[in-house]
Amino acid sequence: MFYIYTKKPNNYFSKEFLKEFGRFLFKKSRGPQAVIDSLIRGLNELGVEYALNDKKPKFDGSEIFFINSSLDALRWAIDLKKEGKIKKLIAGPNLVVMPNDLNGIILSKEIDIIILPSDWTKRFWIAADFEYIEKIRIWPAGIKDNGIKNSEKKKALLYKKNISDEIYLMVKDLLNKLNINFEEIIYGKFSRDNYLRKLDESIFLIYLQESESQGLSLLEAWMKNVPTFVYNINYFEKNGIKIYGKDIAAPYLNESCGALFSTSEELNKIILYYLDTKVKYSPREFYLSNFTDATRAKKLLDIINE
């Protein structure tokens with residue numbers, strides 16, 4: 001039986017439970033929840049049997065546990081594995097940033113497979129001297145297909161997440177110089193529905209963020225067939241560890257989805273080539289082939305059944 005846990009059963013009034021209740025109360029959505037939502041939709045579409053947050057799992061030693069983001073659930077599952085009650089334990093991708101975080105819980109020998117969302121996050125763990133590289137599997141989540149609305153595309157969309165004011169103002173100045181009508185959207189200050197509506201009206205998206213472990217917002221743009229022009233800082237650094245790569249800003253961006261830029265001149269060229277139809281993109285086609293709920297759920301099942 002395939003068990004999915006986003007929280008430890010009967011874990012009332014723990015810090016984790018109270019945080020979850022607060023998010024529910026204030027209707028705050030989180031990336032880890034989007035990952036689970038996509039997986040559940042995909043499994044349902046595939047007709048795969050599973051149990052979500054089962055409070056009374058039946059243990060016969062053949063159970064497979066998948067823990068996405070709950071550290072309390074992971075500690076509980078590790079104890080079950082030590083007792084021989086479950087067969088396989090899969091952890092990730094939303095548990096820790098560094099392998100040694102939280103007293104090195106991800107280093108537990110009871111964990112059979114560690115899920116990371118992209119290749120550069122794996123490279124970062126290798127640079128951090130993670131020992132159990134053979135346990136790592138790369139698995140990005142999917143997103144729901146909301147389809148394309150027949151809105152007239154008139155504006156560009158500028159998405160500001162974690163970026164310096166210098167880069168932010170550089171991009172705004174360029175758009176103004178090119179006389180391109182655009183709207184702005186600031187991370188954490190919009191609803192998903194509002195974002196999707198704006199994508200339906202957008203000719204392209206400029207995405208400003210220094211790093212993305214996967215980039216769900218980018219996938220949503222591709223689902224809406226909106227090409228993305230992503231600022232590329234080309235490195236990631238944390239705790240004195242630094243790695244380089246063009247995939248750090250947008251791990252799954254390719255020539256069918258958009259382009260990377262680092263300077264105003266590069267972005268200027270990208271925009272003008274696109275508006276002159278010298279470059280054609282097909283982001284929705286790429287999404288449909290690789291990032292639907294069912295496609296990603298099937299990939300995770302393949303990993304589990306190795």
Side-chain angles (χ1 to χ4, degrees), residues 1-11 14-24 28-46 48-55 57 63-81 86-99 101-102 104-108 110-118 121-122 125 130 132 135-144 192 212-217 219 251-252 291-306:
M1 182 66 175
F2 182 35
Y3 289 91
I4 302 168
Y5 284 96
T6 63
K7 56 188 175 183
K8 180 183 177 183
N10 306 310
N11 198 31
S14 68
K15 288 183 179 179
E16 195 168 275
F17 174 82
L18 293 175
K19 286 181 180 179
E20 181 186 6
F21 181 74
R23 288 191 294 269
F24 171 78
K28 288 189 176 182
S29 179
R30 298 174 69 238
Q33 186 59 51
V35 170
I36 288 298
D37 290 346
S38 172
L39 176 59
I40 295 304
R41 289 191 300 265
L43 293 174
N44 288 338
E45 189 174 339
L46 295 172
V48 174
E49 185 180 2
Y50 66 91
L52 176 63
N53 294 323
D54 192 330
K55 293 181 178 180
E63 288 77 17
I64 297 172
F65 272 39
F66 174 55
I67 314 294
N68 172 38
S69 60
S70 169
L71 292 166
D72 288 347
L74 181 59
R75 294 185 185 99
W76 170 63
I78 287 171
D79 288 339
L80 292 174
K81 185 75 184 297
I86 62 177
K87 179 182 179 181
K88 187 177 289 188
L89 175 56
I90 298 99
N94 302 112
L95 287 161
V96 296
V97 176
M98 303 282 289
D101 286 350
L102 302 167
I105 188 171
I106 206 71
L107 304 174
S108 301
E110 287 77 20
I111 298 174
D112 298 286
I113 295 174
I114 298 169
I115 300 294
L116 292 179
S118 58
T121 56
K122 178 181 178 180
W125 280 33
F130 181 62
Y132 307 110
K135 290 185 178 184
I136 292 178
R137 301 293 183 276
I138 305 301
W139 179 76
I143 59 163
K144 184 179 180 181
R192 182 175 183 271
E212 285 288 1
S213 59
Q214 173 173 347
L216 293 176
S217 295
L219 297 188
Y252 295 99
F291 286 102
T292 63
D293 295 325
T295 299
R296 301 317 309 165
K298 176 63 167 58
K299 292 291 185 181
L300 182 61
L301 292 173
D302 290 342
I303 290 170
I304 290 170
N305 294 322
E306 286 179 356

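This structure is a prediction, so every number in the text was calculated from the model and none was measured.
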A side-chain contact here means heavy atoms from C-beta on lying under 4.5 Å apart; do [X] and [Y] qualify?
| X | Y | value |
| --- | --- | --- |
| Leu39 | Arg296 | no |
| Gln214 | Leu219 | yes |
| Arg75 | Leu71 | yes |
| Ile111 | Ile106 | yes |
| Asn53 | Thr6 | yes |
| Ser70 | Trp76 | no |
| Leu89 | Ile67 | yes |
| Leu301 | Leu43 | yes |

### Query
Taking everything shown except Glu306 itself, do over 12 heavy atoms lie less than 6.0 Å from its CD?
yes

### Query
When you look at NZ of Lys81, are more than 12 heavy atoms from neighbouring residues, nucleotides or ligands closer to it than 6.0 Å?
yes

### Task
Just do the side chain to side chain contact (heavy atoms under 4.5 Å, CB included) check on Ile4 and Ile40 with the steps written out, would you?
CA-CA 9 Å; Ile4 302 168; Ile40 295 304; 3.7 Å; yes

### Query
Okay, side chain of Lys122, backbone of Leu116: is any donor-acceptor separation there less than 3.5 Å?
no

### Query
Has the side chain of Asp54 got a donor or acceptor atom that lies under 3.5 Å from a matching backbone atom of Tyr3?
no

Could you give the distance from [atom1] ([X]) to [atom2] ([Y]), rounded to the nearest 0.5 Å?
| X | Y | atom1 | atom2 | value |
| --- | --- | --- | --- | --- |
| Leu95 | Asn68 | CG | CG | 6.5 Å |
| Asp79 | Ile86 | CG | CD1 | 10.0 Å |
| Phe291 | Ile143 | CZ | CD1 | 9.5 Å |
| Leu74 | Ile90 | CG | CD1 | 11.5 Å |

Smallest separation among heavy atoms of [X] and [Y], with atom names:
| X | Y | answer |
| --- | --- | --- |
| Ala34 | Leu216 | CB-CD1, 3.9 Å |
| Asp293 | Ser38 | OD1-OG, 2.7 Å |
| Pro99 | Phe130 | CB-CD1, 3.6 Å |
| Ser108 | Lys135 | O-NZ, 3.4 Å |
| Pro117 | Pro140 | O-CB, 3.7 Å |
| Val97 | Asp101 | N-OD2, 3.3 Å |

### Summary
Tested for ring-ring contact (aromatic ring centres under 6.0 Å, His included) against Phe65, the lone hit among Phe2, Tyr50, Tyr5 is Tyr5

### Intermediate values then yes/no, side chain to side chain contact (heavy atoms under 4.5 Å, CB included), Ile304 and Trp139
CA-CA 11 Å; Ile304 290 170; Trp139 179 76; over 6 Å; no

### Task
Mind running salt bridge (charged side-chain N to carboxylate O under 4.0 Å, His left out) on Asp302 and Lys298 for me, showing each step along the way?
CA-CA 6 Å; Asp302 290 342; Lys298 176 63 167 58; 2.9 Å; yes

### Task
Carefully, step by step, assess Ile105 and Ile78 under the rule side chain to side chain contact (heavy atoms under 4.5 Å, CB included).
CA-CA 9 Å; Ile105 188 171; Ile78 287 171; 4.0 Å; yes

